[in-house]
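A short write-up of the structure that comes next.
Reminder, nothing fancy here: chain letters follow the sequence lines and each chain counts from 1. Computed over heavy atoms, backbone and side chain alike; hydrogens, waters and symmetry mates excluded.
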Protein chains: 2
Amino acid sequence: MVNSDPLTATFAALADPTRRAILARLSSSDATVTELAKPFDISMPAISKHLKVLEQAGLIARSRDAQWRPCRLDAAPLKKIAGWVDHYRRFWEDSFDRLDEYLTELRSKERKHVRKRRKKQRRR
Amino acid sequence: MVNSDPLTATFAALADPTRRAILARLSSSDATVTELAKPFDISMPAISKHLKVLEQAGLIARSRDAQWRPCRLDAAPLKKIAGWVDHYRRFWEDSFDRLDEYLTELRSKERKHVRKRRKKQRRR
């Protein structure tokens with residue numbers, strides 16, 4: 001991830017379920033490394049490595065001075081991800097529109113079919 | 001990326017500027033591998049490798065039968081990314097609220113300062 005652009009660094013940092021779980025934990029409150037490590041069955045050096053990746057991507061901030069160095073979520077890079085993905089919104093919204101059209105068409109066909117059947121029944 | 005969960009596979013696929021550029025190109029129209037390779041100064045095998053990563057993440061689909069196998073964008077995984085990132089929206093919206101509060105406070109302080117100065121001028 002060295003020398004990568006910010007968006008690439010953010011996507012790479014998010015491409016790990018443990019790192020996403022750490023962010024989810026920090027979304028409820030700041031936490032120390034020990035607190036963050038607790039729910040995961042991995043070593044402290046492994047957690048520290050994950051935190052370093054998140055920190056380099058700007059997704060978490062750690063106080064340099066505090067003895068316990070609590071971690072804090074920084075959502076600024078996530079805002080950029082949201083902005084990037086928003087350009088593609090029309091693609092999934094379009095597919096919903098097409099489904100909606102299809103259902104309207106189906107309903108209209110069904111109504112026609114019911115009307116035809118009733119006409120036939122009246123003729124008998 | 002073998003055996004990774006879908007969200008991890010999508011984030012990993014997006015953690016590359018060339019792959020994101022390929023998706024951007026496909027957002028305007030379907031394209032063949034040759035057409036996709038044109039704007040990039042990289043080899044055909046390198047492009048094919050990128051397309052394979054995008055295909056495995058479900059971000060593009062390729063027709064198996066067609067001779068030219070045009071690639072098509074599939075935005076379903078991007079919708080999931082948008083849903084995931086949306087959980088963090090309050091963090092950047094909160095920070096805008098805080099900025100707004102700060103600006104309101106600044107403006108009110110400025111008004112008080114102006115009033116004080118005018119009073120002083122009148123006394124002279």
Side-chain angles (χ1 to χ4, degrees), chain A residues 1-31 40 50 53-54 56-61 71-99, chain B residues 1-31 40 50 53-54 56-61 71-99:
Chain A
M1 243 184 305
V2 178
N3 288 331
S4 68
D5 63 291
L7 213 51
T8 295
T10 310
F11 278 125
L14 297 174
D16 183 281
T18 306
R19 289 199 288 269
R20 291 198 302 276
I22 290 172
L23 293 182
R25 164 66 188 81
L26 290 176
S27 75
S28 58
S29 72
D30 296 359
F40 305 107
H50 281 312
V53 174
L54 290 169
Q56 278 172 346
L59 284 159
I60 63 166
C71 300
R72 184 175 54 77
L73 174 73
D74 190 343
L78 296 179
K79 192 186 173 187
K80 281 184 185 155
I81 296 286
W84 180 87
V85 85
D86 215 50
H87 288 293
Y88 295 88
R89 185 170 294 274
R90 64 187 164 101
F91 286 95
W92 65 79
E93 281 177 352
D94 276 3
S95 59
F96 270 112
D97 286 348
R98 276 200 296 274
L99 179 67
Chain B
M1 244 187 302
V2 180
N3 289 331
S4 68
D5 63 292
L7 212 52
T8 295
T10 310
F11 278 125
L14 296 174
D16 183 280
T18 305
R19 289 199 288 269
R20 292 198 302 277
I22 290 172
L23 293 183
R25 165 66 188 80
L26 289 175
S27 74
S28 59
S29 74
D30 296 358
F40 304 107
H50 281 312
V53 174
L54 290 169
Q56 279 172 345
L59 284 160
I60 63 166
C71 300
R72 185 176 52 76
L73 174 73
D74 190 343
L78 297 180
K79 193 186 173 187
K80 281 185 187 155
I81 296 286
W84 181 87
V85 84
D86 214 48
H87 288 293
Y88 295 89
R89 184 170 295 272
R90 63 186 163 101
F91 286 95
W92 66 79
E93 281 176 352
D94 277 4
S95 59
F96 270 113
D97 286 348
R98 276 200 296 275
L99 178 67

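Of the inter-residue distances, the one linking Asp16(A) atom CG with Leu7(B) atom CG reads 11.5 Å to the nearest 0.5 angstrom. For the atom pair Phe11(B) CZ and Ile81(A) CD1, the distance stands at 6.5 Å (nearest 0.5 Å).
Note on Pro17(A), Ser27(A), Ala82(A): by heavy-atom pairs under 4.5 Å with chain B, the leading option is Ser27(A). Interface summary for chain A: among Leu23(B), Asp86(B), Val85(B), Leu14(B), the most heavy-atom pairs under 4.5 angstrom belong to Leu14(B).
For Ala15(A) against Ala12(B), the heavy-atom pair with the smallest separation is CB-N, 3.5 Å.
When heavy atoms are compared at a cutoff of 4.5 Å, Leu73(B) approaches chain A solely by way of its side chain, counted from C-beta outward. For Ala76(B), no part lies near chain A; criterion is any non-hydrogen pair under 4.5 Å.
A donor-acceptor distance shorter than 3.5 angstrom exists from the side chain of Tyr88(B) to the backbone of Ala24(A), with no hydrogens or angles considered.
For Arg25(B), the side chain to side chain donor-acceptor pair (under 3.5 Å) partners at least two apart in sequence or on another chain are Ser29(B).
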